[in-house]
Undergrad: 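Below you'll find the structure I mean.
These numbers come from a predicted model, not from an experiment. Side-chain atoms are counted along with the backbone in the values below, which use heavy atoms only and exclude waters and symmetry mates. All chains are named by letter (A, B, ...) in the order of the sequence lines, taking the proteins before the strands, and each is independently numbered beginning at 1.
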Amino acid sequence: MNIEACPFNLDFTLCCGQVFRWEKRGEWWYGVVDSRPLRVRQTNNILEFHNVGEALVRRYFSLDHDLQRISSEIGKDAHVRKALEEFWGLRIIRQEPWECLISFVCATYKSVAAIRNMLQKLSARFGEKTRYDGRDFYSFPSPKKLASATLKDLESCGLGYRAKYVKKTSERVNSGECELEVIRKMPYEQAKNVLQNLPGVGSKVADCILLFSMDKLEAYPVDVWVRRITMKYYSEHFPAAFVRKLSSKNSFSNSDYEKMNAFGRRYFGEYAGYAQEYLYHYERLNH
DNA sequence: TACTGGCCTAGGTA
DNA sequence: ATACCTAGGCCAG
């Protein structure tokens with residue numbers, strides 16, 4: 001099935017670090033959404049897909065986001081405008097909140113390559129297998145599955161100290177104590193506070209979940225790359241002492257996080273998350 | 001309130 | 001090869 005998608009760039013969208021389980025084979029991207037394997041490819045402005053409906057594709061890839069409007073809102077300076085130009089068509093997708101939550105709990109203090117492997121092992125071990133296009137695919141494991149897994153089993157997927165966070169968080173979601181769909185409907189600040197009560201979810205992980213799966217485009221995650229970007233391009237927006245402190249260390253505290261986060265949201269506005277994602281991708285690829 | 005060290009492990013690099 | 005370093009942070013003290 002085909003639909004028109006413009007502006008849209010499938011490669012940028014799936015390679016910018018917001019989602020980890022997609023894999024490209026030849027021209028086709030293979031993934032699993034709503035426990036269903038699918039493949040997608042882009043030729044110019046045409047998006048071709050198999051095994052899922054059009055509504056799912058439009059929703060998942062956020063084809064309703066008005067990129068022109070977003071671009072004019074966040075295009076505050078030459079740096080972000082350069083990133084917008086270079087990666088034009090990158091969209092923030094609507095992942096499933098559950099998969100997004102566990103993905104970013106696992107993502108702390110790990111490289112993207114390692115995160116991909118962890119999530120792949122987790123899915124192969126605890127997800128449901130489906131045959132598609134001559135190959136095995138696995139759904140993302142349910143809260144129930146992960147809640148009932150032993151720490152040892154989780155650790156064997158390479159999770160390390162994250163295993164206990166994944167287990168505890170899964171238990172809370174599985175029991176109904178934590179309802180992701182309810183959190184999704186809350187305003188940004190409230191949703192962030194509730195998410196941060198989950199084990200393994202701090203301010204950065206919460207912002208990633210809100211941005212990539214809960215329609216909170218004002219969320220502005222600050223990771224090591226965004227810190228570098230902040231120091232490199234936006235240091236004049238901060239006191240000199242703050243800049244000295246952050247430039248001399250290679251870690252930063254939660255209050256430092258909140259300062260950079262508040263700047264991003266104030267400076268870029270309601271679509272700050274888009275600015276973050278373009279800048280992040282730009283800086284990573286030109287590092 | 002703000003800061004610091006410790007933490008599991010696997011890719012990547014020298 | 002083999003050691004060493006760092007990786008999209010979180011949490012307890």
Undergrad: Any side-chain N or O of A/Asn117 under 4.0 Å from OP1/OP2 of B/dG11?
TA: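 Affirmative; the distance criterion is met.
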
Undergrad: Separation of A/Leu195 atom CG from C/dG9 atom C1', in whole Å?
TA: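 Checked: the CG to C1' distance equals 16 Å.
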
Undergrad: How far, in whole Å, is C/dG8 from B/dG5 if one measures between their P atoms?
TA: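 Between the two P atoms, the distance is 23 Å.
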
Undergrad: Look up atom NE2 in A/His65 and atom CD1 in A/Ile70, then write down how far apart they are to the nearest 0.5 Å.
TA: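 Rounded to the nearest 0.5 Å, the NE2-CD1 separation comes out at 6.0 Å.
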
Undergrad: Tell me: CD of A/Glu258 to C1' of C/dG9, nearest whole Å?
TA: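 Nearest whole value for this atom pair: 13 Å.
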
Undergrad: Which listed nucleotide (B/dC8, C/dA7, C/dG8) is nearest to the side chain of A/Arg228?
TA: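 Selected nucleotide: C/dA7.
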
Undergrad: Please determine, for B/dA10, whether a Watson-Crick or G-U wobble partner exists with both distances under 3.5 Å, and give it or none.
TA: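 Base-paired to C/dT6.
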
Undergrad: What class does the angle between the rings of A/Tyr280 and A/Trp225 fall in, given that below 30° is parallel, 30 to 60° is tilted and above 60° is perpendicular?
TA: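 Taking A/Trp225 first and then A/Tyr280, their aromatic rings stand perpendicular (interplane angle over 60°).
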
Undergrad: Identify which nucleotide among B/dG11, B/dC7, C/dG8 has an atom closest to any side-chain atom of A/Ala113, counting heavy atoms from C-beta outward.
TA: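 That would be B/dG11.
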
Undergrad: Reckon A/Val205 touches a base, only the sugar-phosphate, or nothing at all at heavy-atom distances under 4.0 Å?
TA: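 Sugar-phosphate, backbone atoms only, no base.
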
Undergrad: Could you state whether A/Phe49 and A/Ile46 fall into the same hydrophobic cluster, counting links through intermediate Ile, Leu, Val, Met, Phe, Trp or Tyr residues with side-chain heavy atoms under 4.5 angstrom apart?
TA: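 They do not share one cluster, since no chain of ILVMFWY contacts under 4.5 Å joins A/Phe49 to A/Ile46.
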
Undergrad: Take atom CZ of A/Phe20 and atom P of C/dG8, then tell me their distance rounded to the nearest Å.
TA: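 It works out to 9 Å between those atoms.
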
Undergrad: Would you indicate, yes or no, if C/dC11 has its OP1 or OP2 atom less than 4.0 angstrom from a side-chain nitrogen or oxygen of A/Lys164?
TA: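 Checking C/dC11 against A/Lys164, no side-chain N or O comes under 4.0 Å of OP1 or OP2.
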
Undergrad: With rounding to the closest Å, how many angstrom separate the P atoms on C/dC11 and B/dA10?
TA: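 About 22 Å, rounded to a whole number of Å.
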
Undergrad: Let me know the distance between CZ of A/Arg284 and C1' of C/dT6, rounded to the nearest Å.
TA: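 Answer to the nearest Å: 13 Å.
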
Undergrad: Is the phosphate of B/dC3 approached by A/Ser253 (side-chain N or O, under 4.0 Å from OP1 or OP2)?
TA: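 Yes, A/Ser253 has a side-chain N/O under 4.0 Å of OP1/OP2 on B/dC3.
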
Undergrad: Ring of A/Phe137, cation from A/Arg135 - is the NZ or CZ under 6.0 Å from the centre and inside 45° of the axis?
TA: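 The answer is yes, since A/Arg135 meets both limits relative to A/Phe137.
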
Undergrad: If you look at every strand shown and take non-hydrogen atoms under 4.0 Å, does A/Gln18 touch a base, only sugar-phosphate, or nothing?
TA: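 Base, at least one base heavy atom under 4.0 Å.
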
Undergrad: Whole angstroms only, please: what is the CG-P distance between A/Asn250 and C/dT6?
TA: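 After rounding, the gap between these two atoms is 7 Å.
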
Undergrad: Within this structure, what is the CG-to-P distance between A/Leu119 and B/dT9, rounded to whole angstrom?
TA: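 The answer, rounded to whole Å, is 17 Å.
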
Undergrad: By the 4.0 Å heavy-atom rule, please label A/Cys16 as base, sugar-phosphate, or nothing.
TA: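 Here A/Cys16 touches the bases of the nucleic acid.
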
Undergrad: Expressed as a whole number of Å, how far does the C1' atom of B/dC7 sit from that of C/dA7?
TA: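 These two C1' atoms come out 13 Å apart once rounded.
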
Undergrad: Is it true that A/Leu14 and A/Val33 fall in one hydrophobic cluster, defined by side-chain heavy atoms closer than 4.5 Å?
TA: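 Same cluster: A/Leu14 reaches A/Val33 through Ile, Leu, Val, Met, Phe, Trp or Tyr contacts under 4.5 Å.
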
Undergrad: Find the distance A/Arg227:CZ to C/dG9:C1' and express it as a whole number of Å.
TA: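 Going from CZ in A/Arg227 over to C1' in C/dG9 covers 12 Å.
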
Undergrad: Any side-chain N or O of A/Arg162 below 4.0 angstrom from OP1/OP2 of B/dC8?
TA: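 No, A/Arg162 has no side-chain N/O under 4.0 Å of OP1/OP2 on B/dC8.
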
Undergrad: Rounded to the nearest 0.5 Å, how far apart are NZ of A/Lys167 and CG of A/Leu159?
TA: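 One gets 12.5 Å once the value is rounded to the nearest 0.5 Å.
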
Undergrad: Nearest nucleotide by nearest heavy atom, which residue falls closer to the 5' end of DNA chain C, A/Tyr109 or A/Leu198?
TA: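 Its nearest nucleotide lies further toward 5', so the answer is A/Tyr109.
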
Undergrad: Compare side-chain N and O positions of A/Lys245 against OP1 and OP2 of B/dC3 and report whether any pair is under 4.0 Å apart.
TA: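 Answer is yes, contact under 4.0 Å.
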
Undergrad: Measuring from the side chain of A/Ser255 (C-beta onward, heavy atoms only), which nucleotide among C/dC10, B/dC3, C/dG8 has the closest atom?
TA: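 Within the option list, the nearest is B/dC3.
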
Undergrad: Relative to the 5' end of DNA chain B, which residue comes earlier, A/Thr108 or A/Lys259, by the nucleotide with the nearest heavy atom?
TA: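 It is A/Lys259 whose nearest nucleotide is closer to the 5' end.
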
Undergrad: Using a 4.0 Å heavy-atom cut-off, does A/Val105 contact any base of the nucleic acid, only the sugar-phosphate backbone, or nothing at all?
TA: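 Answer is nothing: A/Val105 stays at 4.0 Å or more from every strand.
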
Undergrad: From the list B/dC3, C/dG8, B/dT9, which nucleotide is the closest neighbour of the side chain of A/Lys110?
TA: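 Within the option list, the nearest is B/dT9.
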
Undergrad: Rounded to the nearest 0.5 Å, what separates atom SG in A/Cys15 from atom NE2 in A/His281?
TA: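 With rounding to 0.5 Å, SG (A/Cys15) is 6.5 Å from NE2 (A/His281).
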
Undergrad: Distance check needed: C/dG8 P versus A/Ile92 CD1, whole Å only.
TA: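 The answer, rounded to whole Å, is 18 Å.
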
Undergrad: At 4.0 Å (heavy atoms only), tell me whether A/Gln196 reaches a base, stays on the sugar-phosphate, or touches nothing.
TA: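 Nothing, no nucleic acid heavy atom in range.
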
Undergrad: With a 3.5 Å cut-off and just heavy-atom distances, do the side chain of A/Tyr165 and the base of C/dG9 make a donor-acceptor pair?
TA: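 Checked by distance alone, the answer is no.
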
Undergrad: Per the atom types in the model, does the base of C/dG8 pair as donor or acceptor with the side chain of A/Lys204 at under 3.5 Å?
TA: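 Result: at least one qualifying N/O pair found.
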
